[in-house]
Amino acid sequence: MTVPKILFFDSGMGGLSVFRKTHRLNPQAAYFYLFDHECFPYGNKSEVFLRQRVTALLQELSEVVHPDIIVIACNTASTTVLVHEREVFTLPIVGVVPAIKPAAAVSRNKRIALLATPGTVKRAYIDFLINEFAYDCKVQRVGTEDLVRLAESALLNACKAHDTLIGSGFKYCSREALERVLEPITSLRVEKKPDTVVLGCTHFPLLREQICAILGPEVTLVDSGEAIGRRVQTILQRLAADVAHKDEREEHDEHEPQRALSSVQPAQSEPTGAQIAFYTGKVTPEDQERFSSTFAHFGFDRVQPMVRKGSSCC
Ligand code: DGL
């Protein structure tokens with residue numbers, strides 16, 4: 001019996017929307033979460049910067065946490081760095097990218113809106129996804145940094161008040177501000193309106209209910225959270241099977257000394273569930289308090305600064 005370790009990564013709180021789905025499907029794993037608060041938000045950063053930054057952070061924290069799987073729970077980062085990270089790391093890397101394929105499959109009027117960060121909507125990776133899976137659809141790209149900030153602060157404030165965004169209406173997110181963000185979609189004439197909207201940033205499912213209230217029930221909202229949870233489940237099953245095979249082989253090899261079979265650590269007294277969240281940069285005591293209440297809400301034991309090797313800057 002082993003406890004696999006999963007490291008989640010995002011610029012901020014958005015990855016928690018994916019963590020929630022993944023944890024529900026895979027409660028037996030130990031979870032760590034790194035958010036790059038120092039360089040939040042990612043949507044306005046260059047691809048070169050993101051590639052260097054994300055690689056450095058993941059490498060440094062991996063030396064501390066020794067994860068078995070990394071989940072890049074950030075569309076902005078994944079659409080830029082995924083191929084590169086898979087070359088750098090030997091462990092499985094799961095990347096969250098906009099759910100364009102499922103959106104094209106469910107859209108009846110073949111009009112889709114991609115709601116994502118300004119960086120994500122411009123990526124070549126998005127052109128690829130559209131050409132490959134949504135070539136028969138009209139895809140409207142809506143890039144917004146405002147919605148990232150709205151979702152980030154709404155979640156932090158709701159958790160600070162020991163409340164949830166689900167069922168709280170517009171208490172933690174201004175309805176007017178959200179209406180402004182969604183105007184490029186809501187202002188379209190009926191025959192041009194998308195019937196399906198891709199929530200192509202992990203922050204946006206946090207405000208799913210509020211977005212739905214403005215777009216109306218006739219619009220289907222699609223995100224990648226559930227699919228990521230299932231992907232992690234499949235990888236965990238494969239890792240467990242690999243360990244079982246190695247165990248079996250070693251039992252038959254009397255000359256082979258006892259050694260660690262994989263990076264999957266023995267369970268021993270280690271508890272499963274959500275463990276530690278790490279953030280980059282310096283934060284105010286008020287921020288620290290908001291981080292603590294938010295991660296406690298998601299079941300994490302504690303939130304602490306990530307100790308970096310050199311000085312960083314973004
Ligand atoms: N949550 C992220 C995403 O999925 C990043 C948002 C940002 O930092 O701009 O794209």
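Ligands are counted one by one from 1 in listed order, and the atoms in each one are counted from 1 as well. Any value given below was found using the heavy atoms of this structure, including those in side chains, with hydrogens, waters and symmetry copies removed.
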| query | Mind checking what residues have non-hydrogen atoms under 4.0 angstrom from ligand 1? | reply | D10, S11, P41, Y42, G43, C74, N75, T76, T117, V148, C201, T202, H203

| Taking the inter-plane angle between the rings of F291 and Y279 on a 0 to 90° scale, is it parallel (under 30°), tilted (30 to 60°) or perpendicular (over 60°)? | tilted

| query | Is there a donor-acceptor pair under 3.5 Å between the side chain of R141 and the backbone N or O of V121? | reply | yes

| Is it true that I228 and L236 fall in one hydrophobic cluster, defined by side-chain heavy atoms closer than 4.5 Å? | yes

| field | Contact list for residues 10-26, test side-chain hydrogen bond (donor to acceptor under 3.5 Å, both in side chains), sequence neighbours left out | value | none

| field | side-chain hydrogen bond (donor to acceptor under 3.5 Å, both in side chains) contacts in which one or both residues fall within residues 202-220, not counting sequence neighbours | value | E152-H203, R208-D223

| message | Among residues at least two apart in sequence or on other chains, which ones pass ring pair (Phe, Tyr, Trp, His ring centres under 6.0 Å) with Y33? | response | F295

